[in-house]
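A short worksheet on the structure shown next.
Heavy atoms only: backbone and side chains are in, while hydrogens, waters and symmetry mates are out. Within every chain, numbering begins at 1; the chains are lettered A, B, ... in the order of the sequence lines, protein sequences first and strands thereafter.
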2 protein chains.
Amino acid sequence: MGNDQEQRHDKPRTKGQGTPDCRDCRVCRSAEWGALTDAQWELLSSRRVFRRYPSGAVIHRQGEGCTGVFTVHSGTVALRKTDGMGHSVLLRLVPAGETFGYSDCYAGQDYSSSGEAMEPSGVCFLERKALNSLLAANQELSRRFQEHLIRDYNTAKEAILQQAWLPVRARLAHLLSRLREHFGRREGGEGTAITPPLTRQDMADLLGTRQETIARTLHAMEQDGVLVLRGRTILVPDLGRLEEEHSV
Amino acid sequence: MGNDQEQRHDKPRTKGQGTPDCRDCRVCRSAEWGALTDAQWELLSSRRVFRRYPSGAVIHRQGEGCTGVFTVHSGTVALRKTDGMGHSVLLRLVPAGETFGYSDCYAGQDYSSSGEAMEPSGVCFLERKALNSLLAANQELSRRFQEHLIRDYNTAKEAILQQAWLPVRARLAHLLSRLREHFGRREGGEGTAITPPLTRQDMADLLGTRQETIARTLHAMEQDGVLVLRGRTILVPDLGRLEEEHSV
DNA sequence: CGTAACTTTGATTTACGTCAACTCGCGTGG
DNA sequence: CCACGCGAGTTGACGTAAATCAAAGTTACG
């Protein structure tokens, strides 16, 4: 049993083609890396390796020795954790601009999860050694990474509480609310359209449930007028209505 | 609905009586604090506040502004996270020697969980300000705390995976294996006795299930010869047998 | 334009939650 | 010293959310 997570483990295509110039890279310059001085930024630029991954490609594999950190330049990456029996969950989605692999890298442990591209993505890789020298040289960089780590930890703790107490429907509503932040856009008429790069299976893996349950719950919510399904995009007429489904 | 978690919130007795001398304190000198120089140790000693808590007392409350970190000197503390609807889980147990509250303190956020004594416990408190100056002065201290944080984060990620895929029985077996590390002692005859300071309700809160389910599952395991129940202590004749129940 | 991946829907099962009764210490106070 | 109450633990009967199994239907893309 277990779902066939191997479906995704294919062709980690590594073309250096179209490497964007780090100098102009606004997206990467934000967040943690914004703490770097110009000189440090030069070092980073010279050591970075840019790679493109097609949708579904594996960026790093759980259990491999951690060799460095990755910053998402474009697209979306998911971190998948698998146990010894073929079960897996998606721990989180990494949107463009965010860095992942930090905690494994800092602790010097093997990757504790796999990274996979949810859509065609561009990712910058920075070797562990280079990261460490930047961290040693820049206190502020270190501080920012640690705060990011704490946010992720807090999110994980929230997830544990929710998984223990909330039914699938409430967790799904919560997920959609969060997905809206990155994948939602206001529709003129009325309401918000959310188009995450996720299959039903992916949503199930995020919530620790099954794809059939996601389909059914989504349709139940449509019946209740909370949302409208249009292929892979989910239309939410009233966000307040969606949020009533959780938190309270 | 919700379980009556208020049952515990009583008498945070604060007597300075019997404050142990930090100078000789082996238990606190270990772990993260072992990184301190003698001078820094003096500072720590002078700023620390020692408090005793009876079983069930609340040490800090989720949602309150984080004022500092706590190091368990003796006894055991549990970190409980509650949502807006009276539901709660135990995120982790903090055994003697370990420090808690670090991540909230570092991020400068409110306590993200409550700390409660599971048995009569002695706890040292260190103000945020003092911690920060120690962290600023001692790179190694900072490193150790960050590594502790990463371990906790990894544990949380494991818990998410387990909660999603493992049935209660397997999670319970896993819990007992971990409890053995701190609360187990070898019995002469044959086997290991585990006596954690936990009620059935506490175990349920650790696994995200109900007390009745814990009782039933424990008895089912006894039927199957995996363990023997003797009041609050759990006798495990064959640890290998217990571990077969999970991981595989 | 055909095949594989994804989605939906239905029927059935099951692990676990819920509700409720009853027992067993254990400490408190009459 | 016994009665009482209360929290912890156990056990049974029952309900149900969600998993499982199975089979269409649909979309996407080589």
Figure out the [atom1]/[atom2] separation between [X] and [N], and round it to whole Å.
| X | N | atom1 | atom2 | result |
| --- | --- | --- | --- | --- |
| B:Asp205 | D:dA8 | CG | P | 11 Å |
| A:Gln211 | D:dC21 | CD | P | 13 Å |
| B:Ile214 | C:dT18 | CD1 | P | 14 Å |
| B:Leu198 | D:dG7 | CG | C1' | 16 Å |
| B:Trp165 | C:dA15 | CH2 | C1' | 15 Å |
| B:Arg200 | C:dT23 | CZ | C1' | 15 Å |
| B:Arg169 | C:dA15 | CZ | P | 12 Å |

Measure from the side-chain N and O atoms of B:Ser55 to the backbone N and O of B:Met118, and report whether any donor-acceptor pair falls under 3.5 Å.
yes
For the backbone of B:Leu242 and the side chain of B:Glu245, can you confirm whether one donor and one acceptor N or O come within less than 3.5 Å of each other?
no
Considering only distance and modelled atom types, tabulate donor-acceptor pairs under 3.5 Å from the side chains of residues 213-224 of chain A, sequence neighbours left out.
residue  : atom : partner  : partner atom : Å
A:Thr217 : OG1  : A:Thr213 : O            : 2.6
A:Glu222 : OE2  : A:Leu229 : N            : 2.9
A:Asp224 : OD2  : A:Arg169 : NH1          : 2.9
A:Asp224 : OD2  : A:Arg169 : NH2          : 2.9

Only counting residues at least two apart or in another chain, list the ones meeting ring pair (Phe, Tyr, Trp, His ring centres under 6.0 Å) with [X].
| X | answer |
| --- | --- |
| A:Tyr102 | A:Tyr106, A:Phe145 |
| A:Tyr111 | A:His60 |
| A:His148 | none |
| A:Phe183 | none |

Please list all pairs meeting salt bridge (charged side-chain N to carboxylate O under 4.0 Å, His left out) that have one or both residues in residues 86-98 of chain A, counting only residues at least two apart or in different chains.
A:Arg92-A:Glu98, A:Arg92-A:Asp152
Do A:Gln201 and A:Asp205 have a side chain donor and acceptor closer than 3.5 Å?
yes
Looking only at side-chain N and O atoms, does [X] come under 4.0 Å of OP1 or OP2 in [N]?
| X | N | value |
| --- | --- | --- |
| A:Thr209 | D:dA19 | yes |
| A:Thr213 | D:dA17 | no |
| B:Arg210 | C:dC16 | no |

Passing candidate, side-chain hydrogen bond (donor to acceptor under 3.5 Å, both in side chains) with A:Ser88, options A:Lys81, A:Gln62, A:Arg80:
A:Arg80
To the side chain of B:Glu212, which of C:dT7, D:dG9, C:dT18 is closest?
C:dT18
Any residue meeting side-chain contact (heavy atoms from CB on, under 4.5 Å) with B:Gln163, in chain and number order, not counting sequence neighbours:
A:Ile160, A:Gln163, A:Ala164, B:Arg171
Set out, line by line, the N/O atom pairs under 3.5 Å between protein and nucleotides 25-29 of chain C.
none

For nucleotides 23-30 of chain D, which of its nitrogen or oxygen atoms have a protein nitrogen or oxygen under 3.5 Å away, and what is each distance?
none

Partners meeting side-chain hydrogen bond (donor to acceptor under 3.5 Å, both in side chains) with A:Arg230 (sequence neighbours left out)
none
Please determine if B:Arg51 forms a cation-pi arrangement with B:Phe125, meaning its NZ or CZ atom is less than 6.0 Å from the six-membered ring centre and no more than 45° off the ring axis.
yes
Is B:Glu243 paired with B:Arg241 through a side-chain N to carboxylate O contact shorter than 4.0 Å?
no
Based on the rotation axes of five pairs at each end, what angle does the helix from C:dC1-D:dG30 to C:dG30-D:dC1 bend through, to 10°?
30°
Quick check on contacts: within residues 216-235 of chain B, what sits under 4.0 Å from DNA chain D by heavy-atom distance?
B:Arg216, B:His219, B:Arg232
